[in-house]
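Below: the structure, in C-alpha cells.
Chain identifiers are assigned alphabetically (A, B, ...) following the order of the sequence lines, protein sequences preceding nucleic acid strands; residue numbering begins at 1 within each chain.
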4 protein chains.
Amino acid sequence: MSQRVKKLTGLVAATFTPLTAEGEINLSVIAAYVDYLIEKQNVKSVFVNGTTGEGCSLTVDERKHLAAAWCQHGKGKLEQLIVHVGCMSIKDSQELARHAASIGADGISVISPSYFKPINADALRLFIKEVSASAPDLPMYYYHLPGMTGVALEAADVLNGIEREIPSFQGVKYSGTDLRDLGQCVCYSQSRDWSVLYGVDEQLLGALVLGVHGAVGSTYNYLGHIVNQMLSAFNNGNHTQTRDLQFGFMEVITFARTLGFDVSVNKQVMSEVSGLPMGPPRLPLLPCPVSKAQAIAQKIHNFTQGL
Amino acid sequence: MSQRVKKLTGLVAATFTPLTAEGEINLSVIAAYVDYLIEKQNVKSVFVNGTTGEGCSLTVDERKHLAAAWCQHGKGKLEQLIVHVGCMSIKDSQELARHAASIGADGISVISPSYFKPINADALRLFIKEVSASAPDLPMYYYHLPGMTGVALEAADVLNGIEREIPSFQGVKYSGTDLRDLGQCVCYSQSRDWSVLYGVDEQLLGALVLGVHGAVGSTYNYLGHIVNQMLSAFNNGNHTQTRDLQFGFMEVITFARTLGFDVSVNKQVMSEVSGLPMGPPRLPLLPCPVSKAQAIAQKIHNFTQGL
Amino acid sequence: MSQRVKKLTGLVAATFTPLTAEGEINLSVIAAYVDYLIEKQNVKSVFVNGTTGEGCSLTVDERKHLAAAWCQHGKGKLEQLIVHVGCMSIKDSQELARHAASIGADGISVISPSYFKPINADALRLFIKEVSASAPDLPMYYYHLPGMTGVALEAADVLNGIEREIPSFQGVKYSGTDLRDLGQCVCYSQSRDWSVLYGVDEQLLGALVLGVHGAVGSTYNYLGHIVNQMLSAFNNGNHTQTRDLQFGFMEVITFARTLGFDVSVNKQVMSEVSGLPMGPPRLPLLPCPVSKAQAIAQKIHNFTQGL
Amino acid sequence: MSQRVKKLTGLVAATFTPLTAEGEINLSVIAAYVDYLIEKQNVKSVFVNGTTGEGCSLTVDERKHLAAAWCQHGKGKLEQLIVHVGCMSIKDSQELARHAASIGADGISVISPSYFKPINADALRLFIKEVSASAPDLPMYYYHLPGMTGVALEAADVLNGIEREIPSFQGVKYSGTDLRDLGQCVCYSQSRDWSVLYGVDEQLLGALVLGVHGAVGSTYNYLGHIVNQMLSAFNNGNHTQTRDLQFGFMEVITFARTLGFDVSVNKQVMSEVSGLPMGPPRLPLLPCPVSKAQAIAQKIHNFTQGL
C-alpha cells in the first residue's frame with residue numbers, strides 16, 4: 001500500500017440502493033443522493049453496498065454498477081467512498097475488490113460469510129486476506145455485524161495480528177453492543193493508526209467515549225446533520241447537550257422499532273425524509289407501508305424541529 | 001407444467017463439489033462421480049449445488065458449469081437431477097433457474113435467503129414464486145433447513161396454498177427435526193402427489209414412519225448402498241433390521257460429530273471412502289485434516305463390513 | 001437398590017397442578033384426577049411436579065404436599081408414580097428426593113438446573129448423582145428438555161457411564177427432537193434394562209419406531225385414551241392406522257400452537273376436556289382466556305369423535 | 001413507602017456467597033467481608049444473593065440467613081444493603097421479601113423468572129408487583145439480566161408505568177449491552193428520581209456517559225477501589241484517565257474470559273485477591289482450578305500496580 005491513507009473519520013452514510021418500481025437498480029438517483037448527503041446532512045463519506053444497501057440481494061454486476069456510479073458522481077465531492085465487497089462466495093468478493101480498485105474507491109470492506117460460518121478468527125482472517133489480495137492497494141476494513149451474520153467471533157480476535165497478513169488492513173466497522181470487544185479494538189488500533197467506526201447508530205455515545213474515530217450507519221443518511229451536532233458537542237466537552245441529542249435519537253429509534261424497523265422500513269423513511277426515490281426493497285424484504293414510514297418521518301421531524 | 005412429472009422418490013445424493021488444489025471447480029470428476037453413485041451406492045438421483053455442494057460459496061457461473069456437467073454426464077443414467085438454485089440474491093436464483101431449464105434438469109430447489117430473512121411464510125412463498133417463474137416448466141422443491149438459515153418458519157405454513165401461486169411446485173426437502181411440521185407437510189402433500197424428502201440422514205427412520213417419499217442427504221454419497229438396504233427392510237416390514245441399520249448409522253454420525261462433522265470433514269470423508277478426488281473445501285471452510293477423515297472412514301468401514 | 005424395579009413403560013401423564021382461584025395448591029382435586037386418568041384415559045402412571053405441573057413455580061413444601069397427595073390417592077391404583085425433584089438448588093432437590101422416598105414414590109426424576117447451566121455432561125451427572133444419593137433406593141430418571149433448560153448437552157453423553165456413579169439410575173425422559181441422540185440413548189439403555197420415555201407428544205411415532213418404552217407428556221392427561229390406541233396399532237404392526245392417529249394428533253397440536261399453546265393454555269384445556277378444576281396457572285404464566293381453551297377442546301373433540 | 005428513600009448510587013458489590021468445603025453457607029466470613037469492602041475497596045453498598053451470590057442455588061432458608069448476616073454485620077457500616085429476592089417461585093420471592101423487610105434491608109430486587117418466561121412486560125410487571133406487595137415499604141429494583149434469563153423484554157417496557165402499580169419501585173439494575181434500552185431507562189427514571197445502576201462491569205464507561213447513577217457488579221468486590229478512581233476521573237471530566245482505566249479493566253476481563261470467566265472462576269479470584277475464604281461454588285457449577293484464578297489475580301495485580 002504505497003501512498004498515505006486518508007484516515008476514515010466522522011460520519012459515513014451506509015447508503016441505500018435505489019430501485020425502480022420493477023426492482024431494477026436505479027442509478028439515476030445517485031448524483032442527487034451525493035449532493036443531498038453533502039449539502040443537507042453534512043455527511044461526506046459513504047459505505048456502499050452494505051447491509052443498508054441490500055448488498056447481498058444484488059448481483060455482482062449490479063454491485064459493480066452501483067459502486068461505479070457512486071465513484072463517478074462522488075469524485076471530488078465525497079471525502080471517502082468505501083465499497084462493501086463481502087459476499088458468501090469469496091470469488092465474488094475478489095471480483096468486486098478488483099473492480100473497486102479499478103474505479104478509484106477509497107477502500108473496501110468485508111463482512112464475514114454467514115451461510116458457512118468461519119469456525120474461528122483464523123479462518124475469517126484468511127477469508128479477508130484472500131479478498132484483500134485482489135486489491136492490495138485498497139485499505140481494507142473488517143465489517144463486524146454479529147447480529148446479522150450470527151458469527152460470534154470477537155472482532156478484537158480477528159484484528160489480532162491481521163496487519164502481518166494484510167498490510168492494507170485499515171480498521172473495523174463495529175456494529176455490535178459488546179463495548180469490551182470494541183474497546184479492545186480501539187486499543188489495538190491506536191498504535192496502528194487504524195480507524196474504528198461504530199455501527200450501532202442509536203448508542204453511538206457509548207462508543208464515542210471509548211475513542212472511536214467515527215460511525216457508519218443508515219440513519220446518517222437522513223439524521224447526519226443532527227448527529228454531526230452531537231459529535232461537535234461531544235468534542236467540545238458539552239456532555240449534557242451530547243446526552244440530550246443521544247436520548248432524542250434513541251427515542252426516535254425506539255419508536256421506529258415498535259413499528260418494526262428493518263431495512264425496508266428504513267429505506268422508505270429515507271424516501272420520506274430526503275425526497276429521493278429509494279423505491280421498494282428487494283425480496284425477501286417486503287415493501288414498507290408508506291403510512292408506517294410517514295409516522296417515523298414525522299417523529300424525526302418533531303425531534304429535529306425540537307432542537 | 002405440461003408433461004407428467006416423474007415423482008422424486010428414494011435416495012438422492014446431495015453432491016459434493018469437486019475442487020482442484022487451487023480451489024477451482026473440477027468438472028473432470030463428475031463423470032466418474034455419476035458412475036460411482038449408480039454402481040457403488042445404488043443411488044440414481046442427485047441434488048446439485050446444495051449445502052453439501054457448497055453452493056453459496058460458488059459463483060453463478062461455477063454453479064452453471066457444475067449443473068451442466070451433471071446433466072451432461074448424468075443424462076440417461078440418473079433418474080432425477082435436481083439443481084439447487086437458492087441464492088441470497090433473487091436475480092441470481094432466477095438466472096440459475098433459467099439455466100437449469102435450458103440444460104434439461106429434472107427440477108430445481110430453493111432454500112430461504114438467510115442474510116435478510118423473510119419476515120413470514122408469505123414473503124418466502126413470494127421469493128420462491130419469483131424464482132419459479134423463471135423456469136415455469138421445472139418442478140420446484142422448497143429446501144427447508146432452519147439449522148443453517150436461521151429462518152424459523154414452519155415448512156407446512158410455506159406449503160399452505162403454494163400450489164395456487166406456483167403450479168410447478170412439487171414438494172419439499174425437509175432438513176429439520178420438528179416431525180410435527182414434517183407430518184403436516186406429508187399430509188398436505190398426499191392429495192397433491194408432491195414429494196416430501198427427508199434431509200436429516202441420521203434420523204431418517206423417524207421420517208420414514210411418517211410416510212416421506214425419500215431422502216436427500218450428503219451421506220448417501222458413500223453410505224447410499226446401506227441406507228437402500230434400510231429402505232427395503234422398512235418397506236418389507238422388517239422393523240428390527242431397519243432399526244439396527246439406523247442405530248449403526250447413528251453411531252457412525254455420532255462418532256463423526258465428536259470430531260466436528262462439518263461440510264469440509266464430510267467432503268474429505270467422501271474422498272477417502274469413494275476414492276474420488278473431491279479436493280479441499282472453499283473458504284470460509286477450512287480443509288479437514290486427512291487423519292480425521294480417515295478415522296471416520298474407518299468407522300464407516302467397520303459399520304458396513306459388520307452387516 | 002434392593003428390590004426388582006418395575007420397568008416404567010406405556011403412557012405416563014405429566015400431571016398439571018390444580019390451584020385455587022387464589023393460587024394456592026388445591027389437593028382436593030387429586031383423588032378425582034387419579035380416577036379420571038385411570039378410568040377415562042387408561043393412563044396408570046404419572047409424572048408429578050414436572051414442567052406441566054409448574055414444579056419450579058411451587059415452593060418445596062407445596063411440592064411435598066402434592067407428591068404426598070398423589071401417593072396417598074394413587075396407592076394401589078396407579079402403576080408408577082414418578083416425582084420430579086429437579087430444582088435450581090441441589091439442596092432443595094435432595095430434600096424433595098428424601099421426601100419422595102419417605103412417601104413411597106416409585107421413582108424420582110431430575111431436570112438440569114438452567115439458571116446456572118452445567119458446563120459439561122460430567123457436571124450434570126454429578127448434580128444428578130448428589131440428588132440420587134439422598135434417595136439411593138429410588139429409581140432415578142434424567143429429564144432431558146433442552147427446549148426449556150437451554151442446556152445443549154446430548155442426553156447420550158449424560159447417560160454414558162452414569163450407572164457406575166448412580167446404581168439407581170433407571171432411564172431418561174427424552175423431550176427433544178434430536179432422534180439421533182434419542183437413538184443412542186435407546187441403544188445404551190437396552191443392555192441395562194432402563195426405560196427410555198419420549199416427551200414430545202406430537203411426534204411420538206418417530207420415537208416409537210426407535211424402540212422407546214413409553215412416553216411422558218401433558219396431552220396424555222386428556223388424549224391418553226387415543227394415544228393408547230396408537231400404541232396398540234403400532235405394536236400390532238398396523239402402521240397406516242398408527243400414522244393416521246399421529247397425523248390427527250399433530251393437527252390438533254398444530255392448531256393449538258397457532259393460539260399459543262403454553263402450559264397455561266394446556267392447563268385450561270385440561271379443565272375444559274376433563275371437567276376437573278385445574279384452576280389458573282401461577283405467575284409469571286398468565287391465565288388462558290377460556291375461549292381459547294374451548295376452541296382447542298372443540299378441536300380435540302372433533303378429532304376423537306372422528307375416529 | 002413512608003420515609004425518604006436514600007438514593008442508591010456509586011458502586012455496589014454483588015457479593016459472593018462464602019461456602020465451606022462441604023458446601024454449606026459460611027456466615028463466619030461475612031463480618032470480615034463487610035470490612036474488606038469498605039476499607040480495601042471503598043465500596044459501601046452490597047447486592048446480596050444475586051447471580052454472583054449463586055442465589056438461585058441456595059435454599060430459601062440459606063438466603064434468609066445470608067441476608068440477616070449481612071444486615072447484622074453491615075448495619076451502621078454499609079450505606080445500602082439490597083437483598084435479591086428473585087426466585088422461580090413467586091411464593092419463595094414473597095417470603096424472602098417479607099424477611100428482607102423484617103431484617104432492615106434497604107431494598108429488594110427481583111430478576112425475571114426464567115424457566116417459565118413472562119410472555120410480555122405486563123406479565124413481568126405483575127410478577128414484580130406481587131413480590132413487592134409482600135414488602136410494600138422496601139424500595140424495589142428490577143434486575144434486568146437477559147444474558148442469563150433469556151427473557152428478551154426491553155427493560156424500558158417493564159419500567160413504563162410501573163410506578164402506578166408499584167409505588168415502592170425505585171429503579172433498575174441493568175445488566176445488558178443494549179445501551180438504547182438503557183438510555184430509555186435513564187430518561188424514564190430522571191423525573192422519578194429512580195436509580196439506574198449498570199451491571200456490565202467491563203463496559204461501565206458506555207453507561208456512565210448516559211447518566212447512570214452507579215453500578216452493581218461482581219468485580220467491585222476486588223476492583224472497586226480502581227473503579228472508584230474511574231468514577232472520580234469521569235466526574236471530574238478527565239476522560240483520558242477514565243478511558244485508560246476502562247481499557248485496563250477491559251483487558252483484565254478479556255484475559256479472564258479466555259480462561260472461562262464464570263461465577264465459579266470469579267469466586268475463586270475473589271478468594272485469591274481478597275484473602276477471604278469464599279470456598280467452592282455449588283453444583284452445577286464446578287470448582288475453579290486454583291491456578292486459573294491465580295493467573296487472573298496476577299493479571300489484576302499487574303493492572304492495579306501499573307496505575
Side-chain angles (χ1 to χ4, degrees), chain C residues 19 23-25 50-52 54-63 86-96 110-131 145 147-151 153 260 262-265 281-288, chain D residues 19 23-25 50-52 54-63 86-96 110-131 145 147-151 153 260 262-265 281-288:
Chain C
L19 296 181
E24 299 302 321
I25 56 172
T51 298
T52 302
E54 300 171 79
C56 74
S57 296
L58 306 171
T59 67
V60 167
D61 284 345
E62 287 177 323
R63 290 172 74 163
C87 301
M88 298 297 163
S89 164
I90 196 166
K91 279 184 169 275
D92 287 341
S93 289
Q94 290 167 326
E95 184 176 337
L96 290 172
V110 164
I111 198 168
S112 170
S114 54
Y115 188 78
F116 292 120
K117 298 178 180 23
I119 199 165
N120 52 36
D122 294 342
L124 180 50
R125 255 196 311 273
L126 200 53
F127 186 93
I128 301 171
K129 178 183 174 185
E130 296 298 322
V131 176
L145 179 52
M148 287 291 284
T149 63
V151 175
L153 300 173
D262 64 5
V263 167
S264 79
V265 174
R282 184 172 280 179
L283 280 171
L285 296 178
L286 296 178
C288 161
Chain D
L19 297 181
E24 300 301 322
I25 56 172
T51 300
T52 301
E54 300 171 80
C56 75
S57 297
L58 305 172
T59 66
V60 168
D61 284 345
E62 287 177 322
R63 291 172 72 163
C87 300
M88 299 296 163
S89 163
I90 197 167
K91 280 184 170 273
D92 288 341
S93 289
Q94 290 167 327
E95 184 177 335
L96 289 171
V110 164
I111 199 169
S112 170
S114 54
Y115 188 77
F116 292 120
K117 298 178 182 20
I119 200 165
N120 52 36
D122 295 344
L124 180 50
R125 255 197 310 273
L126 200 54
F127 186 94
I128 301 170
K129 178 183 172 184
E130 296 297 320
V131 176
L145 180 52
M148 287 291 284
T149 62
V151 174
L153 301 173
D262 65 6
V263 167
S264 80
V265 175
R282 186 172 279 179
L283 279 170
L285 296 177
L286 297 179
C288 160

Using a 3.5 Å distance criterion without hydrogens, assess whether the side chain of D:D122 forms a donor-acceptor pair with backbone atoms of D:R125. no

Are the side chain of C:D92 and the backbone N or O of C:E95 linked by a donor-acceptor pair below 3.5 Å? no

What part of D:I128 gets within 4.5 angstrom of chain C, counting heavy atoms only: side chain, backbone, both, or neither? neither

What part of D:N120 gets within 4.5 angstrom of chain C, counting heavy atoms only: side chain, backbone, both, or neither? side chain

At a heavy-atom distance under 4.5 Å, which candidate from C:A123, C:G23, C:C56 has the highest pair count against chain D? C:C56

Max heavy-atom pair count under 4.5 Å with chain C, selected residue of D:V60, D:I90, D:T51, D:I111: D:T51

Can you name the residues that form a side-chain contact (heavy atoms from CB on, under 4.5 Å) with C:E62, not counting sequence neighbours? C:E24, C:I25, C:L58, C:T59, C:R282, D:K91

Only counting residues at least two apart or in another chain, list the ones meeting side-chain contact (heavy atoms from CB on, under 4.5 Å) with C:S112. C:P118, C:L124, C:V151

